[in-house]
Amino acid sequence: MPEGHTLHRLARAQRDRFAGRVVAVSSPQGRFEAGAALVDGRRLVDVTAYGKHLFAAFGDRIVHVHLGLFGRVVEGPGDPPPPIGAVRMRWVAESGWSDLRGPTACEVLSPPEVELILDRLGPDPLRPSTQRLLQARSSLAGRGPSSEARTSARPLSRDVACARIARSRAPIGGLLMDQRVIAGVGNVYRAEVLFRRRLDPYLPGRDVGRERWAALWTDLGGLMRQGVRTGRIVTTERADRERSSGRVRAEDAHYVYRRTGLPCRVCGSPIVQHDLAGRKLYFCAVCQAP
DNA sequence: GCGAAATGGGAAA
DNA sequence: TTCCCCTTTCGCC
């Protein structure tokens, strides 16, 4: 589940259900007991996502959540169900409840500690400009918009990321997964957007070029915004699916991700799988030839 | 019942 | 690069 779209969708759901309300925060599993006590019974001001990170501000105490590979949040209206399994953090308010399981990070931070995390992250395609990023940072830090954020003519996120890859010899397939370069992309969007742009995953960042990067950025943003809307990652065009009507079936949703050995939807040659920096990389060696 | 895998990332070496 | 953590689910005895 958790690439950037999941976190932005979650932030919206949590904001809708809990923002402005007093929240009872607990840790049925016990591993977040001390942290829960710091925010229990406080009013939730806002919830924001940035890349794959979620920040829930209870005033100047901010709960930071990172879902990692298999973290998950379940939420609903009414009274919470009895906790089943390892519920790290539970929220309960008059408007409903939510349960967090299996996160890599669940901790209470101060505004400066949040800044340190944001400093390590590149632009997020789900936030269209660096101006918006600065505004988000200001609100998390409990300030009004900074003078920097008010100034117009900030560089576009797209161009900030472009400058970063343009000076790197690392393969574009690796750079897309580097959260310091671009925040929120995971293994599915990485593989799929490279296929859609017909880019060789091993192409060095410096050789991608401004045109191709701009097209990739635009495509990626569209895919991720669709992911936020629908809660799933569907990257195939209608014409490239077995069935072109009705709900997209899971086996039709991707071009290359987890399709090792299956025929490419475009050219028919078998999709290949490599290992790149410890993660699986899927691509079509013909459509994405160097 | 057991092992492996999963849309991630940080620290250690 | 390798290890380690987080939790659930699914395939295979």
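In the text below, chain A, chain B and the rest are named by the order of the sequence lines, each starting its count at 1.
Spacing of P atoms, dA13(B) relative to dC5(C), comes out at 14 Å, to the nearest Å. Taking the P atoms as reference points, dC13(C) lies 15 Å from dA5(B), given to the whole Å. Rounded to the nearest Å, the gap between the C1' atom of dC6(C) and that of dG1(B) is 22 Å. Nucleotides dT1(C) and dT7(B), compared at atom C1', are 23 Å apart to the nearest Å.
In this structure, L69(A) atom CG and dT9(C) atom P are separated by 14 Å, rounded to whole Å. We find that CG of L176(A) is positioned 16 Å from C1' of dG8(B), with the value rounded to whole Å. In this structure, R120(A) atom CZ and dG10(B) atom C1' are separated by 9 Å, rounded to whole Å. With rounding to whole Å, H274(A) atom NE2 is found 15 Å from dT1(C) atom P. What separates NE2 of H66(A) from P of dG9(B) is a distance of 4 Å, to the nearest Å. When the C1' atom of dT9(C) is taken as reference, atom CZ of R101(A) falls 13 Å away, rounded to whole Å. If you measure from atom CG of L121(A) to atom P of dG9(B), you get 9 Å, rounded to the nearest angstrom. Nucleotide dT7(B) holds its P atom 11 Å from the NE2 atom of H254(A), rounded to whole Å.
A close approach under 4.0 Å does occur between a side-chain nitrogen or oxygen of R31(A) and OP1 or OP2 of dT7(C). Of the side-chain N and O atoms in R72(A), none sit less than 4.0 angstrom from OP1 or OP2 of dC6(C). Listed pair K52(A) / dT7(B) fails the phosphate criterion, with no side-chain N or O lying under 4.0 Å from OP1 or OP2. Distances shorter than 4.0 Å separate none of the side-chain N or O atoms of R279(A) from OP1 or OP2 on dG9(B). One finds no side-chain N or O of K280(A) lying less than 4.0 angstrom from the OP1 or OP2 phosphate oxygen of dT7(B). An OP1 or OP2 oxygen of dT7(C) is reached within less than 4.0 angstrom by a side-chain nitrogen or oxygen of Q29(A).
In this structure, the ring of W91(A) has its center no less than 6.0 angstrom from the ring center of F32(A). Aromatic ring centres of Y282(A) and H274(A): separated by at least 6.0 Å.
Cation-pi check for R198(A) over F195(A) is met; the charged atom lies under 6.0 angstrom from the ring centroid and within 45 degrees of its normal.
Under the 3.5 Å distance criterion, with hydrogens and angles disregarded, a donor-acceptor pair is assigned to the side chains of Y255(A) and D240(A).
For Y282(A), taking side-chain heavy atoms from C-beta onward, the closest of the listed nucleotides dC6(C), dA6(B), dT7(C) is dA6(B).
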- request: Go through T235(A) and E192(A) one step at a time and tell me if the side chain to side chain donor-acceptor pair (under 3.5 Å) criterion holds.
  value: CA-CA 7 Å; T235(A) 59; E192(A) 294 296 306; 2.4 Å; yes
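The partner of dG3(B) is dC10(C), judged by Watson-Crick or G-U wobble contacts that both fall below 3.5 Å.
Along DNA chain B, the nucleotide nearest to H53(A) and the one nearest to Y257(A) differ in position, and the one closer to the 5' end is contacted by Y257(A).
Of the charged side-chain nitrogens involved, at least one lies within less than 4.0 Å of a carboxylate oxygen, so that R196(A) and E237(A) count as a salt-bridged pair.
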